[in-house]
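Please read all numbers here as calculations on a predicted model, not as lab measurements. Below, all heavy atoms of this structure are taken into account, side chains as well, without hydrogens, waters or symmetry copies. First the proteins, then the strands, lettered A, B, ... as listed; each starts at 1.
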Amino acid sequence: MAVRAAEWHKLPIALTELCINTTLRCGQSFRWRKSAEDEYSMALHGRILSFRQDATHLHYRAIFPSSLPTPPPSNAPSVVSDDDTLALVQHYLNLEPSLVQLYEKWAFADSNFKKRAPKFTGIRILRQDPWEALIGFICSSNNNISRISGMVHNLCKHYGPLIGHIGDEPYHDFPTPEALADPKVEAHLKELGFGYRAKYIAKTAQIVAADKSLAWLEELCNPESPVFGQEPKPAGELELGGREGYRKAHDELLALHGVGPKVADCVCLMGLGWSESVPVDTHVWQIAQRDYKFGKGKHSSLTAATYTAVANRFRELWGKEAGWAHSVLFTADLKAFSERVAAKTEVKEEVITVKKEEEDGTEKTEDVKKIETVKRKRVKKEVDEPEQQVVEVKEEVLTRSKRRRAR
DNA sequence: TGATAACCTGAAAG
DNA sequence: ACTTTCAGGTTAT
């Protein structure tokens, strides 16, 4: 019992290999919440998992439902050997590939990547639960990260099992297909503000629960990168359109209601471990036009053919982990991170003449050079981040009080 | 195959 | 205060 209690553990890792502050907030997973300053938490595999990070280590903690504040029996064995949290963390964060090496490879092949990546290091593709990824990205259509996060949170709150609390905050795991297949779900989700996505979610859940199965979905995984607890197997050679298993997974997902090419690619990349999958959304389409010469002639608009051409081009350029590289440029394009690109440090400089009435009736004049440094994060609550605004005001007195006669 | 409209919502921008 | 646009798209015609 004592071992299962909420204790922090640490894992040595450089920020260039993993940056949770970017990776957990860049629109891959919609379920991480800020549980304290510099701390992210989420229910996963029957426990609440929390992360912190410093320059040299990732710190993690698991809170299990059973870890109540009951004293352990006096002569109970003090070691529990079945705590798989370390293995779960390594699996979920996909820590195997060397990100630094991959960045070097992409930078060598692509000058635009080389230019944009330095401010966005440590972005890693997570290995999320396929079912959660599927429903999460169905929610993402024509939507923003803040609202998607709220919707996914509502799904968990109303249909997912309660795992535990941090403070007063309850943490629920993601609901099963069966839970979301209930006939009342669609109407309820509409009340909760899901809009037209309510029908997509309900239909998809009903089909997966009744006709297909979770096993069906999990079998679409990249065998090199299976769900937690399964042994990896080889997945074949990369082709321009992606490996065969990737194309099969993409095809099968397209049959689901509310799943188009972009959502299918998100599920392939972030839920099924197909690293060559390149979701082409509005951002990526903008990037393709701005930096990769798309948007003219044959590919002047984002049709199905253009979609494939863009994805193929990026696979050609970046190789087997094209989806990982794509995620770096995607994040660099997000408004929530725009202050890094612009290094938004406005420096206002103005000289102000301050007049003060002295008690003795004289007037004191100071010319003050006021330097304001304003740093602001423009987008509010993408996760739960309060708008941070640092205003430093330095005043340099240029001219010492010149005394004048009172009138 | 390629265009176009319709689809929910809510915060930001004008 | 009010209208339009935008947000990690998909479906139907």
Applying a 4.0 Å non-hydrogen cut-off, can you work out what [X] is touching in the nucleic acid: base, sugar-phosphate, or nothing?
X        : answer
A/Gly193 : sugar-phosphate
A/Met151 : nothing
A/Phe137 : nothing
A/Leu269 : nothing
A/Glu191 : nothing
A/Cys26  : base

Starting at [atom1] of [X] and ending at [atom2] of [N], how long is that distance when rounded to a whole Å?
X        : N      : atom1 : atom2 : answer
A/Ile145 : B/dG10 : CD1   : C1'   : 16 Å
A/Ile125 : C/dG8  : CD1   : C1'   : 12 Å
A/Lys335 : B/dA12 : NZ    : C1'   : 7 Å
A/Tyr200 : B/dC7  : OH    : P     : 11 Å
A/Tyr196 : C/dT10 : OH    : P     : 9 Å
A/Asp333 : C/dA7  : CG    : C1'   : 13 Å
A/Ile148 : C/dC6  : CD1   : C1'   : 13 Å
A/Asn143 : B/dC7  : CG    : C1'   : 12 Å

Separation between the [atom1] atoms of [N] and [M], rounded to whole Å:
N     : M      : atom1 : result
C/dG8 : B/dA13 : P     : 13 Å
B/dC8 : C/dT13 : P     : 14 Å
B/dA6 : C/dT5  : P     : 15 Å

- Note on the structure: Given Watson-Crick and G-U pairs under 3.5 Å, DNA chain B in dot-bracket ([ ] crossing, | other strand) is ..|||||.||||||

- Item | Heavy-atom donor-acceptor pair, A/Lys262 side-chain to C/dG9 base, under 3.5 Å | no

- On a plain distance test, is the side chain of A/Arg147 in donor-acceptor contact with the base of C/dC6 below 3.5 Å?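 No pair found.
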
- Task: Can you see which heavy atom on A/Leu217 is nearest to which on A/Leu253, and at what distance?
- Result: CD1-CD2, 3.9 Å

Hey, are [X] and [Y] close enough for a salt bridge, meaning a charged N less than 4.0 Å from a carboxylate O?
X        : Y        : result
A/Asp84  : A/Arg47  : yes
A/Glu276 : A/Lys320 : no
A/Asp291 : A/Lys115 : no
A/Glu244 : A/Arg247 : no
A/Arg315 : A/Glu239 : no
A/Asp129 : A/Arg31  : no

- Quick one: does NZ or CZ of A/Arg25 land under 6.0 Å from the six-membered ring centre of A/Tyr40, within 45 degrees of the ring axis?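 Output no; distance or angle outside limits.
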
- Message: Please list all pairs meeting side-chain hydrogen bond (donor to acceptor under 3.5 Å, both in side chains) that have one or both residues in residues 207-217 of chain A, counting only residues at least two apart or in different chains.
- Response: A/Trp216-A/Glu252

- Between C/dT10, C/dA12, C/dG8, which nucleotide gets closest to the side-chain atoms of A/His257?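 Between C/dT10, C/dA12, C/dG8, the one nearest the side chain of A/His257 would be C/dA12.
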
- Note on the structure: Closest of B/dC7, C/dT10, C/dG8 to the A/Leu334 side chain is C/dG8

- Using only heavy-atom distances, determine whether the side chains of A/Ser149 and A/Ser146 contain a donor-acceptor pair under 3.5 Å. no

- Comparing nearest nucleotides in DNA chain C, the 5'-proximal residue of the pair A/Ser140, A/Gly258 is A/Ser140

- Assign each of A/Lys203 and A/Gly27 to its nearest nucleotide of DNA chain C by heavy atoms, then name whichever residue's nucleotide is nearer the 5' end. A/Gly27

- Message: Short of 4.0 Å, heavy atom to strand atom, which residues of residues 278-315 of chain A count as contacting DNA chain C?
- Response: A/Pro279, A/Asp281, A/Thr282, A/His283

- Plane angle bin for A/His250 and A/Tyr246 - parallel if under 30°, tilted between 30 and 60°, otherwise perpendicular: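 It falls in the tilted class, 30° to 60°.
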
